[in-house]
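In what follows, chains carry the letters A, B, and so on, assigned in the order in which the sequence lines appear, proteins first and then strands, with residues in each chain numbered from 1. Please read all numbers here as calculations on a predicted model, not as lab measurements. Note that these values count all heavy atoms, side chains included, but never hydrogens, waters or copies made by symmetry.
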Amino acid sequence: MVGPGPTAPTTVAGLDVAYAEDGDRLAAAVTVLDVRTLRVVDSAVVTGRPAFDYVPGLFAFRELPALLDALDRLTNPPDLLVCDGHGLAHPRRFGLACHLGVLTGLPAIGVGKTPLVGTWDPPGERRGSWSPLVDGTEVVGRVLRTQDGVKPVFVSVGHRMGLENACALVLALAPSYRLPETTRTADRLCRAALAGRT
DNA sequence: GCGACAG
DNA sequence: ATCTTGTCGC
């Protein structure tokens with residue numbers, strides 16, 4: 001046995017990337033939050049150029065280099081990664097969250113704002129309601145309502161964590177807004193870096 | 001074959 | 001992703 005285990009993360013990282021208007025420049029940010037207080041305890045941001053043009057399904061290859069770069073600059077590694085995009089809910093069952101999980105060895109989950117694959121029934125209107133995201137015969141994720149009456153998010157497993165725990169974590173990370181605090185803080189950081197002031 | 005398609 | 005006005009609501 002090694003460590004506290006993937007189901008009891010103390011720190012969770014949010015990752016996000018922002019692009020300049022012309023698309024020739026990007027900023028990748030990672031914010032590390034204390035899962036209990038939801039406070040940012042560490043962060044890193046790097047600027048660079050996109051490695052590829054955007055192609056649905058190959059999205060990971062575009063943002064991966066910059067995100068790994070940012071992760072390397074953290075003072076200490078987080079217990080888990082919350083990615084802006086999908087994990088298993090991908091045409092080849094291997095989205096950005098899977099790439100990041102495997103490459104870092106850390107547990108990882110994907111939280112997408114829009115679907116890439118799959119069909120689903122509308123979840124209940126209340127926070128916490130969900131319905132399975134199905135692609136073919138496989139359940140590849142869950143459509144989860146994080147706030148009453150708001151558009152649901154698409155949660156899927158990336159690496160070393162089950163779907164049930166992933167959804168519970170996302171709800172814990174989203175007490176007030178549609179998106180988890182991890183992606184919200186990372187989003188603000190990379191946008192600020194792109195704008196200049198840091 | 002054609003269209004759709006995370007960010 | 002980014003570009004965008006006003007509008008509704010706490």
Side-chain angles (χ1 to χ4, degrees), chain A residues 13-31 45-71 81-103 108-120 125 127 130-136 138-144 146-159 161 163 166-167 170 173-180 182-196:
Chain A
L15 304 90
D16 193 25
V17 177
Y19 298 87
E21 302 172 25
D22 31 64
D24 65 343
R25 201 163 60 90
L26 62 72
V30 183
T31 51
V45 60
V46 300
T47 57
R49 294 184 59 77
F52 288 85
D53 285 330
Y54 172 66
V55 177
L58 301 182
F59 172 59
F61 297 103
R62 177 172 166 82
E63 301 196 339
L64 220 37
L67 287 173
L68 291 173
D69 194 352
L71 280 168
L81 306 178
V82 178
C83 309
D84 195 41
H86 297 105
L88 238 181
H90 177 276
R92 304 287 104 65
R93 304 287 179 268
F94 209 78
L96 176 63
C98 301
H99 283 265
L100 282 167
V102 169
L103 292 174
I109 66 174
V111 179
K113 295 182 286 295
T114 61
L116 174 58
V117 297
T119 59
W120 67 95
E125 289 301 313
R127 163 179 157 85
W130 60 271
S131 55
L133 177 61
V134 180
D135 190 29
E138 306 171 60
V139 172
V140 296
R142 279 184 189 176
V143 181
L144 177 67
T146 53
Q147 296 296 321
D148 291 357
V150 304
K151 193 168 175 280
V153 297
F154 299 78
V155 179
S156 61
V157 166
H159 191 59
M161 177 170 259
L163 187 54
C167 288
V170 170
L173 293 173
S176 312
Y177 298 95
R178 179 192 177 221
L179 297 178
T182 36
T183 61
R184 284 166 49 76
T185 53
D187 179 78
R188 284 180 307 203
L189 180 54
C190 59
R191 290 197 194 205
L194 205 54

Examine distances only and state if a side-chain atom of [X] and a backbone atom of [Y] form a donor-acceptor pair shorter than 3.5 Å.
{"X": "Q147(A)", "Y": "Y177(A)", "value": "yes"}
{"X": "K151(A)", "Y": "K113(A)", "value": "yes"}
{"X": "D84(A)", "Y": "L15(A)", "value": "no"}

| task | May I ask you to check whether over 12 heavy atoms, not counting those of D53(A), lie within 6.0 Å of atom CG? | result |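 Count not over threshold, so no.
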Interatomic distance where [atom1] belongs to [X] and [atom2] belongs to [N] [whole Å]:
{"X": "D16(A)", "N": "dA1(C)", "atom1": "CG", "atom2": "C1'", "value": "9 Å"}
{"X": "H90(A)", "N": "dG7(B)", "atom1": "NE2", "atom2": "C1'", "value": "12 Å"}
{"X": "L116(A)", "N": "dA1(C)", "atom1": "CG", "atom2": "C1'", "value": "15 Å"}
{"X": "Q147(A)", "N": "dG9(C)", "atom1": "CD", "atom2": "P", "value": "18 Å"}
{"X": "D24(A)", "N": "dA1(C)", "atom1": "CG", "atom2": "C1'", "value": "13 Å"}
{"X": "L194(A)", "N": "dA1(C)", "atom1": "CG", "atom2": "P", "value": "13 Å"}
{"X": "F154(A)", "N": "dA6(B)", "atom1": "CZ", "atom2": "C1'", "value": "10 Å"}
{"X": "L96(A)", "N": "dA1(C)", "atom1": "CG", "atom2": "P", "value": "13 Å"}

Less than 4.0 angstrom between a side-chain N/O of [X] and OP1 or OP2 of [N], yes or no?
{"X": "R62(A)", "N": "dA1(C)", "result": "no"}
{"X": "K113(A)", "N": "dG7(B)", "result": "yes"}
{"X": "T114(A)", "N": "dG7(B)", "result": "yes"}

Have a look at [X] and say if it touches a base, only the backbone sugar-phosphate, or nothing, with a 4.0 Å heavy-atom cut-off.
{"X": "Y19(A)", "answer": "sugar-phosphate"}
{"X": "A18(A)", "answer": "sugar-phosphate"}
{"X": "P91(A)", "answer": "nothing"}

query: Going by atom types only, do E63(A) and Y19(A) share a side-chain donor-acceptor pair under 3.5 Å?
result: yes
Q) Less than 5.5 Å between centroids and less than 30° between ring planes, does Y54(A) satisfy that with dG7(B)? A) yes
The nucleotide from dT2(C), dG7(B), dA6(B) with an atom nearest the side chain of R191(A) is dT2(C)
